[in-house]
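Here is the structure we will look at, set down as structure tokens.
As the structure lists them, so they are numbered: ligands from 1, and atoms in each ligand from 1. For clarity, every value in this text was computed on a predicted model and none was experimentally measured. Throughout, numbering of the chain's residues begins at 1 and tracks the sequence.
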Amino acid sequence: MTTDAHPLDLPVGDPFGPDNLPYGLGTTVEDPDRPRIVVRYGDSVLDVGPAAEAFGSPHADLLQRPLLNPLLAAGRSVWQSVRAQLHDWLTSPAHRATAERFMRPLSEVTLRMPFEVADYVDFYASEHHATNVGRIFRPDGDALTPNWKHLPIGYHGRAGTVVVSGTPVVRPQGQRKPPHEDAPLFGPSRRLDIEAEVGFVVGAPSAQGEPVPMSGFRDHVFGVTLLNDWSARDIQAWEYVPLGPFLGKSFATSVSPWITPLDALDAARTAPPARDVPLLPYLDDAVEPEPGGIDLRITVALNGHTIAEPPFSAMYWTAAQQLAHMTVNGASLRTGDLYASGTVSGPEPAQRGSLLELTWGGKEPLELPDGTRAFLEDGDEVTLTAWAPGPAGRIGMGEVTGRIHAARR
Ligand code: MN
């Protein structure tokens, strides 16, 4: 990091420049018990609450809360107003002297979970991922289940174990039943995996009984974050029939400390893959005014080595379709709901977002500079990063990282 550059002078095209402005929550060494809303700008953050007070913002009260939830609940018109103000404070020469009083180096801020998660849902929206998993687990059957192209498959996960990037992930224990054993065994998972995903953070709530259509996506979804859906494949394989994922997933889900506003990804919107079966009207996005896909380029690194580059643009089901499906039965949205895309995998082998796929069920271990890997070992660290095309250069997504700690015996 350069130390003598002015925090408000960013190189053109900086991935955390004025077109991005992701939100986080952090503490400082002098005030460790008072979380404050921060917005990333280059390698610095703006301490948003006191800045808003100094600038006389009508939203200063919301921005001085110790959590993002009140801002999330305020709705799209407030999100747009705050974003316009932040852009003005950080880029207008007239505001420079005031703004710089509230800037501090990112390295001096301890980031924490930026919002309280209400409900958590995880989908299964990559056709490439679902096809690979189907071939691995059901080699003699159809790769995709009969419902796959008619609805975005999902399950309700565990909100209370969503953790911020950097939180250690303790290897889960549980039941597994190897094919050659007559009875299940108990112990630490031997097939601990990642799932590279994109999470969507719900801001504005909805009323129970009233479905939210695809066109309500921008009114309800505040922003986007990178997410790692840690998965114990051996626990999952034994427990998932007939009700789906449970303890193989619920021990930890990691998210980036940065929430990228949906509006920062406008230039990255792109058409999803062509639909090859007709969709019911509430999911038929051919008539939507804006394309539902997002061109996010993800990188998965294991102990610093890139192991995959999954393209989010390849996802079959879009976040707007997932929102519509999640509420079509009348289920309500709450502020702080988090729903994740499902593992992002592209068509190429190097674009697969899980070790399960990258090593084909563990049969083809990865050769890394520091050893071979089928699944994660204690001490391994996995980091997801991503960027999207912006109006001028890249929009950077905040990374999500986590290290595996040994099981508690
Ligand atoms: Mn998942």
Side-chain angles (χ1 to χ4, degrees), residues 117 119-137 143-145 147-148 151-163 165 167 169 172 174 189 191-202 224-241 243-256 294 296 298 300 302 307-308 310-312 314-319 321-323 325-326 337-346 351-359 361 375-376 382-384 386 397 400-402 404:
V117 181
D119 287 298
Y120 168 53
V121 163
D122 191 27
F123 283 96
Y124 191 55
S126 160
E127 181 176 3
H128 306 291
H129 171 71
T131 301
N132 289 334
V133 171
R135 285 188 181 138
I136 292 167
F137 281 131
L144 293 183
T145 50
N147 55 0
W148 202 91
L151 53 83
I153 294 174
Y155 66 94
H156 282 94
R158 193 164 188 85
T161 48
V162 177
V163 295
S165 175
T167 305
V169 174
S189 170
R191 291 163 70 90
L192 185 55
D193 198 356
I194 57 157
E195 292 192 342
E197 304 198 18
V198 175
F200 292 83
V201 180
V202 171
V224 181
T225 187
L226 288 177
L227 182 147
N228 187 345
D229 174 25
W230 305 96
S231 299
R233 300 301 181 193
D234 39 7
I235 297 172
Q236 183 184 0
W238 173 232
E239 74 176 0
Y240 86 103
V241 178
L243 286 184
F246 189 39
L247 304 181
K249 301 276 194 176
S250 62
F251 56 94
T253 306
S254 297
V255 294
S256 170
I294 304 176
L296 275 177
I298 303 170
V300 184
L302 173 52
I307 59 170
F312 191 62
M315 300 299 273
Y316 191 85
W317 295 103
T318 70
Q321 289 174 316
Q322 291 169 335
L323 186 75
H325 186 63
M326 203 161 62
D337 280 358
L338 172 68
Y339 67 99
S341 60
T343 308
V344 183
S345 291
Q351 296 178 330
R352 293 169 177 164
S354 68
L355 289 170
L356 176 71
E357 295 164 87
L358 288 165
T359 69
F375 292 96
L376 297 173
V382 177
T383 302
L384 310 182
M397 299 283 292
V400 55
T401 191
I404 306 303

_Can you confirm whether the side chains of Ser231 and Gln236 place a donor and an acceptor under 3.5 Å from each other?_
no

*asked:* Parallel, tilted or perpendicular: which one describes the rings of Tyr316 and Trp148, with boundaries at 30° and 60°?
replied: tilted

*asked:* Within the 4.5 Å heavy-atom criterion, are Gln322 and Val121 side-chain neighbours or not?
replied: no

*Among the N, O or S atoms that Glu197 has, which is closest to the Mn ion (ligand 1)?*
OE2

*Taking the Mn ion (ligand 1) as the vertex, how big is the angle to OD2 in Asp122 and OD2 in Asp229, rounded to 10°?*
80°

*Relative to the Mn ion (ligand 1), which of the N, O or S atoms in Glu195 is the closest?*
OE1

_Point-to-point distance, once rounded to the nearest 0.5 Å, from OG of Ser341 to CD1 of Ile294_ = 9.5 Å

